[in-house]
Amino acid sequence: MGLEGSDTLSFMRDFLDECGSSGCAVVDGGFATELERHGADLNDPLWSAKCLISSPHLVRRVHLDYLDAGANIIITASYQATLQGFEAKGVSREEGEGLLRRSVELAREARQVYYDRCTKDSCDFLSDDDRYWKRPILVAASVGSYGAYLADGSEYRGDYGDEVTVETLKDFHRERVKILVDAGADLIAFETIPNKLEAQAYAELLVEEDIRIPAWFSFSCKDETHVVNGDPIQDCASIADSCSQVVAVGVNCTAPRFIHGLISSIKKGTSKPIIVYPNSGETYIAETNQWEKSSGVAEDDFVSYVGKWRQAGASIFGGCCRTTPNTIRGISHAILTKQLQPQ
């Protein structure tokens with residue numbers, strides 16, 4: 001759906017109103033870890049994008065798992081899907097473009113399957129005994145950072161080196177963004193942004209290419225005031241605030257203990273809706289491709305955090321790495337039962 005200036009600015013707020021009187025929306029949870037739970041082997045530079053080639057049925061299944069759990073926004077399996085990454089694996093340019101489009105198509109198919117189930121069951125609400133609920137659902141096309149393509153953990157550090165400039169990053173992301181937009185995504189999710197440089201590149205790219213669907217910027221942070229490379233999150237939020245195509249600003253793949261403070265810091269740089277979908281609190285060790293289970297948040301504790309984040313000013317909630325459909329189900333239930341109303 002194409003949007004013009006003023007329509008873009010109201011897009012997310014209108015969507016939040018459509019989601020219910022709570023003014024909140026629910027994003028899905030961890031994707032790659034769910035694919036692995038269903039049997040996928042993701043030990044590959046393409047990570048979850050590998051399943052676009054080998055197991056598209058699993059991609060659709062995980063989307064449906066999150067829709068069944070109550071998600072209003074499902075994020076495509078394109079986080080680590082880049083034309084450059086596909087070419088490095090011997091995939092032709094044409095095939096790579098097709099896989100990017102397929103990531104959006106699979107999410108749209110899952111949404112249609114879910115809506116068909118709603119119609120079949122004539123279900124208009126969700127309670128403990130009802131599985132399906134006809135509600136607003138958006139497909140967000142995931143764009144991972146340049147560091148995600150490098151597959152060396154640098155999206156968790158943001159240290160790209162002096163040779164990587166805003167122009168470098170715009171050229172890297174340009175074609176992928178255009179393909180995902182043309183594939184029919186409802187919005188673009190620029191995720192796990194590790195530094196101010198890449199945020200600036202995204203903001204300029206959206207304008208240069210006259211992207212007509214909205215976007216959100218979501219940053220990866222190391223504490224309550226800084227993204228992972230050390231740039232102040234307030235400065236990053238200000239870049240997002242200056243771009244009319246950006247309809248929400250927030251944080252993902254960050255420890256839950258930092259989120260409350262980060263919301264306060266983001267509010268100093270923007271008045272746009274705030275989105276938070278942290279990981280479970282565990283730490284990813286790039287050298288071993290393993291998660292260190294040091295301070296993970298139990299699923300039954302996650303919702304209590306979300307209530308505090310709502311009071312702090314966030315309105316869109318979900319989970320990132322190592323969170324599950326059970327996490328999202330708990331968040332959705334809390335929203336529906338008005339447990340997350342700000343005080």
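Model, not experiment: these values are computed from the prediction.
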*Asks:* Please step through side-chain contact (heavy atoms from CB on, under 4.5 Å) for the pair R102 and V59, ending with a clear verdict.
*Replies:* CA-CA 10 Å; R102 188 66 176 133; V59 173; over 6 Å; no

*Asks:* Measure across K178 and E209 and return the closest heavy-atom pair with its distance rounded to 0.1 Å.
*Replies:*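 That would be CD-OE1, 3.5 Å.
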
*Asks:* Rounded to the nearest 0.5 Å, how far does SG of C51 lie from CD1 of I53?
*Replies:*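 The SG atom of C51 is 9.5 Å from CD1 of I53, to the nearest 0.5 Å.
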
*Asks:* Any idea which heavy atoms bring A71 and L67 closest together, and the distance?
*Replies:*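 Looks like O-CD2, 3.8 Å.
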
*Asks:* Can you tell me how far the OG atom of S218 sits from the CD1 atom of I193, to the nearest 0.5 Å?
*Replies:*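 Going from OG on S218 over to CD1 on I193, the span is 7.0 Å.
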
*Asks:* Taking Y305 for its side chain and R257 for its backbone only, find out whether a donor-acceptor pair lies under 3.5 Å.
*Replies:*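 Checking the backbone N and O of R257 against the side chain of Y305, no donor-acceptor pair under 3.5 Å is found.
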
*Asks:* Rounded to the nearest 0.5 Å, what separates atom CG in L99 from atom CD in E94?
*Replies:*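 Nearest 0.5 Å value for the CG-CD distance: 11.0 Å.
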
*Asks:* Of all residues at least two apart in sequence or in a different chain, which pass the side chain to side chain contact (heavy atoms under 4.5 Å, CB included) check with R61?
*Replies:*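 Side chain to side chain contact (heavy atoms under 4.5 Å, CB included) list for R61, sorted by chain: H38, D65.
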
*Asks:* Could you check whether any side-chain heavy atom of E175 comes within less than 4.5 Å of a side-chain heavy atom of R93, counting everything from C-beta outward?
*Replies:*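 Result yes, sub-4.5 Å side-chain heavy-atom pair found.
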
*Asks:* Taking side chain as C-beta onward, heavy atoms only, is W309 less than 4.5 Å from P278?
*Replies:*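 W309 vs P278: side chains touch.
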
*Asks:* Less than 4.5 Å apart, any side-chain heavy atom of T254 and any of N279?
*Replies:*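 No, every pair of side-chain atoms sits at 4.5 Å or beyond.
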
*Asks:* I'd like to know whether D186 forms a salt bridge (charged side-chain N to carboxylate O under 4.0 Å, His left out) with R111, so could you lay out the CA-CA distance, the side-chain angles of the two residues, the decisive distance to 0.1 Å, and finally the verdict.
*Replies:* CA-CA 12 Å; D186 298 311; R111 176 173 60 184; 2.8 Å; yes

*Asks:* Side chains of Y114 and R135: is there a donor and an acceptor less than 3.5 Å apart?
*Replies:*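 Looking only at side-chain atoms, R135 and Y114 do form a donor-acceptor pair, the distance falling under 3.5 Å.
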
*Asks:* Measure across F217 and A199 and return the closest heavy-atom pair with its distance rounded to 0.1 Å.
*Replies:*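 Heavy-atom minimum between the residues: CE2-O, 3.6 Å.
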
*Asks:* Just jot down the side chain to side chain donor-acceptor pair (under 3.5 Å) partners of Y277, sequence neighbours excluded, or say none.
*Replies:*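 Y277: side chain to side chain donor-acceptor pair (under 3.5 Å) contacts with E191, W216.
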
*Asks:* Can V246 and F190 be said to form a side-chain contact (heavy atoms from CB on, under 4.5 Å), step by step?
*Replies:* CA-CA 10 Å; V246 176; F190 293 100; over 6 Å; no

*Asks:* If hydrophobic clusters are built by linking Ile, Leu, Val, Met, Phe, Trp and Tyr wherever their side-chain heavy atoms come under 4.5 Å apart, do V228 and L262 end up in the same one?
*Replies:*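 As far as the 4.5 Å side-chain criterion goes, L262 and V228 are not connected within one cluster.
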
*Asks:* Provide the closest heavy-atom pair for C253 versus C321 in the form atom of the first, atom of the second, distance.
*Replies:*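 C253 and C321 have their closest heavy atoms at SG-SG, 3.8 Å.
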
*Asks:* Listed by chain and number, what are the side chain to side chain contact (heavy atoms under 4.5 Å, CB included) partners of A81, not counting sequence neighbours?
*Replies:*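 If we apply the side chain to side chain contact (heavy atoms under 4.5 Å, CB included) test to A81, skipping adjacent residues, the hits are A49, L52, S78, F86, L100.
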
*Asks:* Which heavy atom in A237 sits nearest to a heavy atom in T270, and how many Å separate them?
*Replies:*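 Minimum heavy-atom separation between A237 and T270: O-CB, 4.0 Å.
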
*Asks:* With a 4.5 Å cut-off on side-chain heavy atoms, are L138 and N72 touching?
*Replies:*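 No, side chains not in contact.
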
*Asks:* Hey, mind stepping through T76 and V139 against side-chain contact (heavy atoms from CB on, under 4.5 Å) and telling me if it holds?
*Replies:* CA-CA 7 Å; T76 64; V139 170; 3.8 Å; yes

*Asks:* Quick check: closest heavy atoms across I263 and A314, and the distance to 0.1 Å?
*Replies:*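 Closest approach of I263 to A314, heavy atoms only: CD1-CB, 3.8 Å.
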
*Asks:* Is the shortest heavy-atom distance from the side chain of P214 to the side chain of Q245 under 4.5 Å?
*Replies:*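 Sidechains of Q245 and P214: no contact.
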
*Asks:* Could you grab the distance from atom OG of S264 to atom NZ of K267, nearest 0.5 Å is fine?
*Replies:*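 Those atoms lie 6.0 Å apart.
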
*Asks:* Is it true that V166 and V143 fall in one hydrophobic cluster, defined by side-chain heavy atoms closer than 4.5 Å?
*Replies:*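 Looking at the clustering, V143 is in a separate group from V166.
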
*Asks:* For D235, what residues pass the side chain to side chain donor-acceptor pair (under 3.5 Å) criterion, not counting sequence neighbours?
*Replies:*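 Once residues adjacent in sequence are excluded, D235 has no partner under the side chain to side chain donor-acceptor pair (under 3.5 Å) criterion.
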
*Asks:* Given side chains that start at C-beta, do those of L64 and E109 come closer than 4.5 Å, heavy atoms only?
*Replies:*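 Result no, sub-4.5 Å side-chain heavy-atom pair not found.
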
*Asks:* Test of understanding: with side chain to side chain contact (heavy atoms under 4.5 Å, CB included), list the residues that count as partners of E224, not counting sequence neighbours.
*Replies:*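 With sequence neighbours excluded, E224 shows a side chain to side chain contact (heavy atoms under 4.5 Å, CB included) to F258, given in chain and number order.
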
*Asks:* With D231, which residues qualify under side chain to side chain contact (heavy atoms under 4.5 Å, CB included), at least two apart?
*Replies:*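 So D231 forms a side chain to side chain contact (heavy atoms under 4.5 Å, CB included) with N195, K196, V227, N229, C236.
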
*Asks:* Look up atom CG in D28 and atom OG1 in T327, then write down how far apart they are to the nearest 0.5 Å.
*Replies:*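 Interatomic distance, D28 CG to T327 OG1, rounded to 0.5 Å: 11.0 Å.
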
*Asks:* Check whether any side-chain heavy atom of I211 sits under 4.5 Å from a side-chain heavy atom of V177, and report yes or no.
*Replies:*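 The answer is yes, as the side chains (C-beta and beyond) meet within the 4.5 Å cut-off.
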
*Asks:* Looking at G261, is its backbone amide N or carbonyl O close enough to the side chain of S265 to form a donor-acceptor pair, meaning the two atoms are under 3.5 Å apart?
*Replies:*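 Yes; at least one donor-acceptor contact below 3.5 Å.
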
*Asks:* With sequence neighbours excluded, give me every salt bridge (Lys or Arg N to Asp or Glu O under 4.0 Å) pair touching residues 197-206.
*Replies:*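 Residue pairs with at least one partner in residues 197-206: K170-E204.
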
*Asks:* Which of these passes ring pair (Phe, Tyr, Trp, His ring centres under 6.0 Å) with F172: Y160, Y149, Y202?
*Replies:*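 Answer to the ring pair (Phe, Tyr, Trp, His ring centres under 6.0 Å) test with F172 among Y160, Y149, Y202: Y149.
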
*Asks:* Taking everything shown except E208 itself, do over 12 heavy atoms lie less than 6.0 Å from its CD?
*Replies:*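 Correct, the count exceeds 12.
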
*Asks:* Under the 3.5 angstrom rule, does the side chain of S332 hit a backbone N or O of I328 as a donor-acceptor pair?
*Replies:*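 Side chain of S332 to backbone of I328, a donor-acceptor pair under 3.5 Å: no, none is there.
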
*Asks:* State whether R329 and D68 are salt-bridged, where the test is any N-O pair (Lys NZ or Arg NE/NH1/NH2 against Asp/Glu carboxylate O) under 4.0 Å.
*Replies:*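 Salt bridge between R329 and D68, a charged N being under 4.0 Å from a carboxylate O: no.
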
*Asks:* What pairs with D182 under salt bridge (charged side-chain N to carboxylate O under 4.0 Å, His left out), at least two apart in sequence or on another chain?
*Replies:*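 Testing D182 for salt bridge (charged side-chain N to carboxylate O under 4.0 Å, His left out), a comparison that skips the adjacent residues, returns none.
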
*Asks:* Are V104 and R108 close enough that some pair of their side-chain heavy atoms sits under 4.5 Å apart?
*Replies:*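 They are in contact (side-chain heavy atoms under 4.5 Å apart), so the answer is yes.
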
*Asks:* In this structure, would I239 and I275 fall into the same cluster of hydrophobic residues linked by side-chain contacts under 4.5 Å?
*Replies:*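 In one cluster: no.
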
*Asks:* Given side-chain contact (heavy atoms from CB on, under 4.5 Å), test I259 with V251 step by step and report yes or no.
*Replies:* CA-CA 8 Å; I259 300 299; V251 179; 3.8 Å; yes

*Asks:* Only counting residues at least two apart or in another chain, list the ones meeting ring pair (Phe, Tyr, Trp, His ring centres under 6.0 Å) with F31.
*Replies:*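 Ring pair (Phe, Tyr, Trp, His ring centres under 6.0 Å) check on F31 returns H63.
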
*Asks:* When you measure from the side chain of R157 to the backbone N and O of P194, does any donor-acceptor pair fall under 3.5 Å?
*Replies:*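 Not a single qualifying donor-acceptor pair exists.
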
*Asks:* Under the rule for side chain to side chain donor-acceptor pair (under 3.5 Å), what residues qualify as partners of K89, not counting sequence neighbours?
*Replies:*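 Scan of K89 (side chain to side chain donor-acceptor pair (under 3.5 Å), adjacent residues dropped) gives D44.
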
*Asks:* Let me confirm one number: the CD1-OG distance from I75 to S103, rounded to the nearest 0.5 Å.
*Replies:*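 So the CD1 of I75 and the OG of S103 are separated by 12.0 Å.
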
*Asks:* Can a donor-acceptor pair be found between the side chains of R176 and H173 at a distance below 3.5 Å?
*Replies:*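 Note: R176 and H173 side chains meet the donor-acceptor criterion.
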
*Asks:* Using the rule that Ile, Leu, Val, Met, Phe, Trp and Tyr join whenever any side-chain heavy atoms are under 4.5 Å apart, tell me whether Y156 and Y146 fall into a single cluster.
*Replies:*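 Hydrophobic grouping puts Y156 apart from Y146.
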
*Asks:* Given the rule that I, L, V, M, F, W and Y join up when any side-chain heavy atoms are under 4.5 Å apart, are Y79 and L106 in one cluster?
*Replies:*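 Result: yes, single cluster for both.
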
*Asks:* Mind checking side chain to side chain donor-acceptor pair (under 3.5 Å) for S55 and listing every partner two or more places apart, or none if nothing turns up?
*Replies:*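 For S55, no residue satisfies side chain to side chain donor-acceptor pair (under 3.5 Å) once neighbours in sequence are set aside.
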
*Asks:* Return yes if some donor-acceptor pair links the side-chain N/O of K272 with the main-chain N/O of A240 below 3.5 Å, else return no.
*Replies:*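 Judged by distance alone, yes, a pair lies under 3.5 Å.
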
*Asks:* Taking only residues two or more places apart in sequence or in another chain, which ones pass salt bridge (charged side-chain N to carboxylate O under 4.0 Å, His left out) with D210?
*Replies:*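 For D210 the salt bridge (charged side-chain N to carboxylate O under 4.0 Å, His left out) partners, ignoring immediate neighbours, are R212.
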
